[in-house]
**Q** 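Before I ask anything, here is the structure I am working with.
All chains are named by letter (A, B, ...) in the order of the sequence lines, taking the proteins before the strands, and each is independently numbered beginning at 1.
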There are 2 protein chains.
Amino acid sequence: MASPVQSAAPGRPRDPRIDQAVLRAAEELVVEVGYADLTVGAIAERAGTTKPAVYRRWPGKAYLVHEAAFPDLAPGPAPDDGPLADDVRAMVAACRDVFARPVARAALPGLLAEVVGDPVLNAAVLARFRAGTWGSMHERLVRAVESGEARPDVDPDVLIETVGGATLLALLNRPDGVLGDDWVESLSALLLGGLLGPDSP
Amino acid sequence: MASPVQSAAPGRPRDPRIDQAVLRAAEELVVEVGYADLTVGAIAERAGTTKPAVYRRWPGKAYLVHEAAFPDLAPGPAPDDGPLADDVRAMVAACRDVFARPVARAALPGLLAEVVGDPVLNAAVLARFRAGTWGSMHERLVRAVESGEARPDVDPDVLIETVGGATLLALLNRPDGVLGDDWVESLSALLLGGLLGPDSP
């Protein structure tokens, strides 16, 4: 799991239990009250610590909440290089699972608004995603293009943005926020075969 | 161009010049101050009218701003049913053009946050998009599947969400907000041919 932003200040070693308690409190509270009404003070109180202790760890609410909402971005085991079709389906399903969790659904709209207005935050969020799951996806796709398993003109960055963006908009389009396995199959089939793809008459 | 939400109240016919002045004021102000700091009072003042006059026309800021940010959603001329590949490239380029305008970039993040928390607004925004450009796209894609031009298992709704979502995330990913024609070609190629598509070795 990625570390919180490190403070440059010298002093006693930080207590990782406080990091975890703050992240857990942020995760709970954003689901309970929504991003807009979430305050660092309330997070600190629920975590049994103080606002200054939170601000020593994270520059602000958005930096903290995006870590709480997306805790599973560590690279994890490398994709096992099964058939590309299987790996793409797994990639779409994993993206759906990450975005559809209550904490992500509660945090995402507010985070998107903040990211657009704050280039430093935007860069931090992107770097965290790229170092994590999306980085593994990128490597798998580059290998697929290199090995001839995928068309040579496919841009892995565009594919990853497409999976992420399609998931985001599909969740917004469905008030119940449910994206079933049929949706995963449908998007995967489109990305693998395209409109004019191999099964086209 | 779509009408503003109509008031059920009887009375004098509404003055369409006020509608237009309010929409134009909202468009200018959201670019100048951002969505979060935009107020209905400031919009009314710039438009030379009053807050009550605005609220007689739109239930609130988000309803007004989404019309100001996306004025071009009328169905327009039906796609001319050229080759599907050309129509898909035109669809991706049109979506890029709509989302990349300064007013849309300024309004979108705030609107997304409001849409998620407000099912009535969400339904109104989706209905407006579906009645406009996205409706024409949907018809074109349904015809392509029916005529055998596109694979029969392609879901037009998933394709439209994919184009919209990919565009949205690509804009967020690029702080300068520039999506060039190479990006349009790259996404179009992916959607048309897929990873394993006809040019695949």
**Q** Would you say CD of B:Glu45 has more than 12 non-hydrogen atoms from neighbouring residues, nucleotides or ligands within 6.0 angstrom?
**A** no
**Q** Pick from A:Glu114, A:Arg174, A:Glu185: which one has the most heavy-atom pairs with chain B under 4.5 Å?
**A** A:Arg174
**Q** With rounding to the nearest 0.5 angstrom, report the CG to CG distance, A:Leu108 to B:Leu112.
**A** 10.0 Å
**Q** Identify which of B:Leu190, B:Asp155, B:Val154 forms the greatest number of heavy-atom pairs closer than 4.5 Å to chain A.
**A** B:Leu190
**Q** Quick one: pull up OG in B:Ser186 and CG in A:Asp157 and give me the separation to the nearest 0.5 Å.
**A** 9.0 Å
**Q** Identify the two heavy atoms, one from B:Pro109 and one from A:Ala113, that lie closest to each other, and give their separation to 0.1 Å.
**A** CB-CA, 3.4 Å
**Q** Taking side chain as everything from C-beta outward and backbone as N, CA, C, O, which of these in A:Leu84 sits under 4.5 Å from a heavy atom of chain B? Side chain, backbone, both or neither.
**A** side chain
**Q** For B:Val115, which atoms come within 4.5 Å of any heavy atom of chain A: side chain, backbone, both, or neither?
**A** neither
**Q** Using non-hydrogen atoms and a 4.5 Å limit, figure out which bit of A:Val145 sits close to chain B: side chain, backbone, both or neither.
**A** neither
**Q** Sort A:Leu168 into side chain, backbone, both or neither according to what part of it lies under 4.5 angstrom from a heavy atom of chain B.
**A** side chain
**Q** With only heavy atoms counted, which part of B:Val163 is less than 4.5 Å from chain A, the side chain, the backbone, both or neither?
**A** neither
**Q** Going through the checks in order, is the side-chain contact (heavy atoms from CB on, under 4.5 Å) test met by A:Asn173 and B:Glu161?
**A** CA-CA 8 Å; A:Asn173 257 341; B:Glu161 281 174 354; 2.8 Å; yes
**Q** Rounded at 0.5 Å granularity, tell me how far CG in B:Leu195 sits from CG in A:Leu141.
**A** 6.5 Å
**Q** Given 3.5 Å as the limit, does a donor-acceptor pair link the side chain of A:Asn122 with the main chain of B:Leu172, or not?
**A** yes
**Q** If we define contacts as heavy-atom pairs under 4.5 Å, which of B:Ala85, B:Gly165, B:Ala144, B:Ala170 has the most with chain A?
**A** B:Gly165
